[in-house]
J.: 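My questions all concern the structure below.
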Amino acid sequence: MDGSAQSDSPYSAIYAVVSQIPPGRVCTYGRVAALAGLPGQARLVGYALHALLHHSVVPWWRVINRAGRISNVYAADEQRARLQAEGVVVDDNYLIDLARFLWEGDEA
DNA sequence: TGTGTGACAAGCC
DNA sequence: AGGCTTGCCACAC
């Protein structure tokens with residue numbers, strides 16, 4: 001990932017990790033943060049992904065919270081639709097089965 | 001320059 | 001099982 005994914009932003013590492021999430025899979029903020037070199041700083045991931053809404057070049061919709069639920073209050077409906085389009089089963093309450101679609105970033 | 005908030009996580013009750 | 005509290009870092013006012 002040298003010149004890909006807007007390296008002009010301080011969240012380039014986060015963008016890279018999110019971009020590595022395979023289709024039909026989801027990842028938690030904490031997991032992405034750890035893979036990006038920011039263990040525990042899950043909030044930064046959420047903040048970075050928020051900025052992506054203005055650029056939309058990274059599968060931000062594949063990132064959900066630890067409870068397996070979509071915390072996005074800005075585009076929860078859109079995110080759910082995108083995940084379902086990817087083959088991810090999203091509950092009517094924006095809840096996702098982590099036991100089946102959780103991507104730990106180590107397997108695959 | 002300092003305070004407050006945020007698409008969260010982990011711990012405790 | 002669910003709900004409350006604390007800690008983390010970056011950004012807006």
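Computation of the quantities below employed the complete heavy-atom set of this structure, encompassing side-chain atoms and omitting hydrogens, waters and symmetry-equivalent molecules.
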J.: Would you sort out whether A/Leu38 and A/Val45 count as a side chain to side chain contact (heavy atoms under 4.5 Å, CB included), showing the intermediate values?
T.: CA-CA 9 Å; A/Leu38 303 170; A/Val45 180; 5.5 Å; no
J.: Roughly how many Å is it from CG in A/Leu38 to P in C/dG7, rounded to a whole number?
T.: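 Whole-Å distance recorded here is 20 Å.
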J.: Taking all heavy atoms of A/Ile14 and all of A/Leu44, pick out the closest pair and write down the distance.
T.: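 Nearest heavy atoms, A/Ile14 then A/Leu44: CD1-O, 4.1 Å.
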J.: Scan for ring pair (Phe, Tyr, Trp, His ring centres under 6.0 Å) pairs involving residues 61-92 of chain A, sequence neighbours excluded, and state none if there are none.
T.: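 Those involving residues 61-92 of chain A are A/His50-A/Tyr74.
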J.: For nucleotides 6-8 of chain B, give me every protein contact, N/O to N/O, under 3.5 Å, one pair per line with atom names.
T.:
{"unit_1": "B/dG6", "atom_1": "N7", "unit_2": "A/Arg43", "atom_2": "NH2", "d": "2.9"}
{"unit_1": "B/dG6", "atom_1": "O6", "unit_2": "A/Arg43", "atom_2": "NH1", "d": "3.3"}
{"unit_1": "B/dA7", "atom_1": "OP1", "unit_2": "A/Tyr74", "atom_2": "OH", "d": "2.6"}
{"unit_1": "B/dA7", "atom_1": "N6", "unit_2": "A/Leu49", "atom_2": "O", "d": "3.0"}
{"unit_1": "B/dA7", "atom_1": "N3", "unit_2": "A/Tyr29", "atom_2": "OH", "d": "2.5"}
{"unit_1": "B/dC8", "atom_1": "OP1", "unit_2": "A/Ser71", "atom_2": "OG", "d": "2.9"}
{"unit_1": "B/dC8", "atom_1": "N3", "unit_2": "A/Arg43", "atom_2": "NE", "d": "3.4"}
{"unit_1": "B/dC8", "atom_1": "N4", "unit_2": "A/Arg43", "atom_2": "NH1", "d": "3.4"}
{"unit_1": "B/dC8", "atom_1": "N4", "unit_2": "A/Arg43", "atom_2": "NH2", "d": "3.1"}

J.: For Watson-Crick and G-U wobble pairs within 3.5 Å on both distances, what is DNA chain B written in dot-bracket notation, | included for inter-strand pairing?
T.: .|||||.||||||
J.: Would you call A/Arg82-A/Glu86 a salt bridge at under 4.0 Å N-O?
T.: no
J.: Per the side-chain contact (heavy atoms from CB on, under 4.5 Å) rule, which among A/Asp97, A/Val63, A/Leu98, A/Ile21 passes with A/Val26?
T.: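 Testing each of A/Asp97, A/Val63, A/Leu98, A/Ile21 against A/Val26, the sole residue satisfying side-chain contact (heavy atoms from CB on, under 4.5 Å) is A/Leu98.
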J.: Looking at A/Leu83, A/Leu102, A/Val89, which one forms a side-chain contact (heavy atoms from CB on, under 4.5 Å) with A/Ile96?
T.: A/Leu83
J.: Is the positively charged end of A/Arg69 above the ring of A/Tyr94, judged by distance under 6.0 angstrom from the centroid and angle within 45° of the axis?
T.: no
J.: Any idea which heavy atoms bring A/Arg100 and A/Arg25 closest together, and the distance?
T.: O-NH1, 3.4 Å
